[in-house]
Enquirer: 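What follows is a single structure, and I will ask about it in a moment.
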Amino acid sequence: MSAANSTSDTNTDDSSNRHLNFIEQEIEKDFQLPKLMGKHLSTRFPPEPNGYLHIGHAKSICLNFGLAQKYHGTCNLRFDDTNPSKEEQEYVDSIQNDVHWLGFDWDGLYYASDYFDQLYQWAIDLIKVGKAFVCDLTGDQIREYRGTLTAPGKDSPYRDRSIEENLELFERMKQGQFPDGSRTLRAKIDMSAPNINLRDPVMYRVLRAHHHRTGDKWCIYPMYDWAHGQSDSIEGITHSICTLEFEDHRPLYNWFCENLGIFHPRQIEFARLNLSYTVMSKRKLLQLVKENHVRGWDDPRMPTISGLRRRGYTAESIRSFCDRIGVAKFYSTIDVTVLENSVREHLNQVANRVMVVLRPLKIVLTNYPEGKVEWMEATNNPEDAGAGSRQVPFSRELWIEREDFMEEAPKKFFRLKPGGEVRLRYAYIIKCEEIVKDPETGEITELRCIYDPDTRSGSGPAAERKVKGTIHWVSAQEGVQAEVRLYDRLFLNEDPENAAEGGSFLDNLNPESLEVVTAHCEPALAKAVAGERFQFERLGYFCADEKDFSPQRLVFNRTVGLRDSWTKIQAKDG
RNA sequence: UGCCGGGUGGUGUAAUGGUAACACUACUGAUUUUGGUUCAGUCAUUCAUGGUUCGAGUCCAUGCCCGGUAGCCA
C-alpha cells in the first residue's frame, strides 16, 4: 500500500516493533509456512456502505492499512454491498473521503457486488456437488427448523431435492419468478452442528431492491457469509481481519473456501473498540441523526470520523490514539480521555495560540489614556519557534474572562480580586480598584483597574516583576465577535447503553452537550480559514467550523478544553 | 443451558517456562508571563484452587466470572 503521508512509514517500522500484537505474531508465524512463504501480506478494510465511519472503524482502518505498511504488503478498500436495502452511494463517498483523510490510500478499490457473477457460478458448482439446495421454507419456518442454542435443528423438507430441480429452481430465483422472501438457497452442512452458523446457512435470498451499483440486474442477493470469504479469496487476501462477533462464523468461512477449493485466506478476529460516554453502533448513530438529537452524521458531538474532523480532531491524533489503545481479544472499554489527550498532545505541538474571551467582563484602566492603542507582541506557539509572533492591540477598555475575577476569592485563587494584582498576558500588570455593579441585580458589570506602566512585557528588568497570575484579555475596541460552540460529551453516562428499565440510551443524552456563546476575539482571528485550528489561551483547542465559518461570520468549535488543574484544586478544597 | 472466545495495576497493552514491564490516569515536587506545556519522582498488577517444574502470568486440571452466538443484517 502507499501511504498518503510517507513520513509515518519509517516510524511505524521501529516504533511498533517493540511489541508485536497477537495479530502480528500470527502473521509472522504464517509467513514461515510453505503456503505463504515468499508471498506478501494482503489485507482489506471491508465496510458496509450503510452509514458513516466512526472511531471504531478508525481502529480497524489503522490496523489493516497499518499492517500492510509495516509488512510492505497491500490493503484494499472493499465495500461489502450485499444488502441493497440499506446501502447508499452517499455512504460510499463519505467512506472513501474519511479513509483518505485519515491518511491512508488503498491498493485496490472493490465492491462485493463486483463478484456477484462469480458468486452465482460458485453457487451452481455447490449445487452440482450436492452441497447446496433451494429451500421453500418461510423465514419463520427456517427459524423453527434451526433449533436453539441447546437443541439441534431438523432438516428442511426440501433438503433432498434433486440436483436438477435445485439447478432449475435457483435459475428461476435469479430470473425473478418467485416473490421476495419466498425461497432461499442454502448450504447443505449439518442441522445438528453445535455451531448454529453451520445449520444449513442461507446463501441467497430473493430481494427486489435497487442496488447502488448493479441497479436492477439482480433480484437475488448473497448473504454476508456467502460473499465475504470468497471476496477475500478472489482478491488474494492473506489475512482477513474482523471483529470478535464473527468468530463463530469462521468455521463457515473456512467451509466455503474448502468446499469451493479456492484460495483460503485466514480470518483473525480482534475486539472492537468501545469508548466511555459514547455509543458506537451504526444503528444508534443513525437514530441520533434521524431523530435530530444531533445535526447530522458530521455533528461535532458524533464519534464519526467526519464529526471528529469537524470537531477539530487531527488525523494524526486519531492514528496515535489507535496506536496507543492496542489490539487484543479482550473486550474492553477505553476511557474517552485517552482520545481527548491524543488530540491535546498533537494540537499542543501545532496549534497557534490566540486570545479569546468566552464570557466577557469589562475592565477599564482608569489611568490609561483614552484613545491610545499599543500593539503587544505575542508568541504564536511556544512549542514551535518557527511559528513566529503577532501583534495584539491593547487599550483602555478590555474584556477579560468573567471567571478570572472573584469578589471573595479563596487563598489559592491567583487571578484578579479586589485590591489584587494580575498580569495581563503579553501586556501590563493591573490592579483592581473598584467593582461596578448593576444597582438592580447586584451583578458585576465592570471593573475599574489601574495599570503599572513599568511592567509592559518585554520592556526590561522592571517589567519582570512577578505576580501570581496571568490572564488573557481582548481589547474592547479592536476585538471581533465570534460564535463559539462549546461542545461537551453527548452522554451523561459512562455507559450510555445502561438505561433504566424500559428506557433507552437516549435517556442518557446530555442536554448541555452544546452551548453557544458570543465571544470576543483578538482581531487576528478574522483572518482564520475554515478548518483552521487554534489554542485559545488558557481555555482549550478550537477550530474554525468547516461548514459555517466565513470571514463575515466567525464560527468556532471547541475541540477539547485544556487540562484544568484549577478545577481540581477547587474541588479538593471544597 | 450448547458452541466459541476471554480474564495481568484505576484504564489499556506487553512479558512466548527465567527479575511482571510500557503508556495513560492519579498523587507529590520543580520550571513556567497559559493553573497549559515540560521535567523529576511516588502509589498501584497476574480471577480462584490444585497440579507439573529447580522455576508458572505463561503448561495441565477443576471451578468462578465476563462477552459473543438462535436475521432471508453485516
Side-chain angles (χ1 to χ4, degrees), chain A residues 18-21 25 46-48 50 80-83 85-87 112 135 137-139 142-143 146-153 180-186 193-199 201-207 220-221 223-225 227-228 242-251 269 271 276 282-283 323-335 337-338 341-342 344-345 348-349 353 355 379 382-383 412-415 422-427 429 455 457-458 463-472 535-540 561-570:
Chain A
R18 290 199 317 258
H19 308 298
L20 297 183
N21 65 45
Q25 291 173 15
E48 183 190 10
N50 67 344
D80 226 330
D81 56 352
T82 55
N83 185 2
S85 58
K86 290 185 178 174
E87 296 153 5
C135 182
L137 256 24
T138 66
I142 287 190
R143 191 175 321 121
R146 186 156 35 223
T148 68
L149 291 180
T150 48
D180 283 12
S182 61
R183 283 184 161 84
T184 56
L185 184 74
R186 301 175 65 180
N195 181 340
I196 292 178
N197 291 117
L198 263 18
R199 318 240 261 232
V202 171
M203 296 161 61
Y204 278 97
R205 72 281 211 181
V206 180
L207 174 63
I220 55 171
Y221 288 96
M223 300 289 291
Y224 166 87
D225 287 305
H228 199 91
C242 62
T243 47
L244 250 27
E245 67 268 29
F246 292 105
E247 215 155 9
D248 287 344
H249 294 246
R250 190 178 349 120
E269 311 85 11
S276 61
K282 276 202 229 175
R283 209 202 88 236
D323 245 24
R324 75 183 61 173
I325 60 177
V327 178
K329 299 196 77 158
F330 180 60
Y331 191 86
S332 64
T333 300
I334 309 285
D335 199 307
T337 56
V338 177
N341 286 334
S342 297
R344 283 194 185 106
E345 187 179 278
N348 177 51
Q349 298 303 314
R353 274 60 169 171
M355 291 198 284
T379 305
E383 306 294 321
K412 285 178 182 164
F413 185 78
F414 300 149
R415 287 112 93 155
V422 77
R423 160 77 66 180
L424 292 180
R425 179 98 158 133
Y426 297 124
I429 292 173
T455 55
S457 287
E464 303 294 300
R465 191 154 70 81
K466 299 283 180 204
V467 286
K468 270 286 197 184
T470 299
I471 63 173
H472 62 279
Q535 183 194 104
F536 290 1
E537 290 221 29
R538 304 209 306 128
L539 297 172
L562 252 28
R563 269 206 188 81
D564 180 9
S565 47
W566 166 239
T567 306
K568 274 184 213 163
I569 293 168
Q570 255 182 323

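Sequence lines set the chain letters: A, B, ... in the order given, protein chains first and strands last, and positions in each chain run from 1.
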Enquirer: For RNA chain B, report each stem as range with range, ordered by first number, or say none. Use Watson-Crick or G-U wobble pairs under 3.5 Å, at least 3 in a row.
Expert: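 Correct response: B:2-7 with B:64-69, B:10-13 with B:21-24, B:26-30 with B:38-42, B:47-51 with B:59-63.
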Enquirer: Just the rounded figure in Å: distance from C1' of A14(B) to CZ of Phe330(A).
Expert: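 Between C1' of A14(B) and CZ of Phe330(A): 15 Å.
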Enquirer: For G71(B), decide between syn and anti, treating a glycosidic angle within 90° of 0 as syn.
Expert: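 In terms of base orientation relative to the sugar, G71(B) is syn.
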Enquirer: Please report the distance, rounded to the nearest Å, between CZ in Arg425(A) and P in U32(B).
Expert: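 Rounding to the nearest Å, CZ of Arg425(A) and P of U32(B) are 14 Å apart.
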Enquirer: Verify the contact: side-chain N or O of Arg146(A) to OP1 or OP2 of C72(B), cut-off strictly under 4.0 Å; return yes or no.
Expert: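 Arg146(A) to C72(B) OP1/OP2: side-chain N or O found under 4.0 Å.
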Enquirer: Establish, with yes or no, whether the OP1 or OP2 oxygen of U37(B) is under 4.0 angstrom from a side-chain nitrogen or oxygen of Arg563(A).
Expert: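 Affirmative; the distance criterion is met.
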Enquirer: I want to verify a distance call: between C4(B), A74(B), U37(B), whose nearest atom is closest to the Tyr224(A) side chain?
Expert: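 Of the options given, the side chain of Tyr224(A) lies nearest A74(B).
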Enquirer: Record whether the side chain of Arg415(A) comes under 3.5 Å of the base of G35(B) through a donor-acceptor pair of N or O atoms.
Expert: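 Pair found.
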Enquirer: Measure the distance from NE2 on His19(A) to P on A20(B) and round it to the nearest whole Å.
Expert: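 For the pair His19(A) NE2 and A20(B) P, the rounded distance is 17 Å.
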Enquirer: Looking at the side chain of Ser565(A), which of A70(B), G7(B), G35(B) is the nearest nucleotide?
Expert: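 Nearest to the side chain of Ser565(A) among the choices is G35(B).
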Enquirer: Between Asn195(A) and G2(B), is there a contact of a side-chain N or O with OP1 or OP2 at under 4.0 Å?
Expert: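 No, because none of the side-chain N or O atoms of Asn195(A) sits under 4.0 Å from OP1 or OP2 of G2(B).
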Enquirer: Can you check the Asp248(A) CG to G68(B) P distance for me, whole Å?
Expert: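 Distance check: Asp248(A) CG to G68(B) P gives 11 Å.
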Enquirer: Ignoring hydrogens and geometry beyond distance, is the side chain of Arg423(A) in donor-acceptor contact with the base of U33(B) at under 3.5 Å?
Expert: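 Yes, the side chain and the base share a sub-3.5 Å donor-acceptor pair.
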Enquirer: Do side-chain atoms of Arg423(A) reach the backbone of Thr455(A) as a donor and acceptor pair under 3.5 angstrom?
Expert: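 A pair under 3.5 Å: yes.
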Enquirer: Ignoring hydrogens and angles, answer whether the base of U34(B) and the side-chain atoms of Gln535(A) contain a donor-acceptor pair closer than 3.5 Å.
Expert: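 By the distance-only test, yes, there is a pair.
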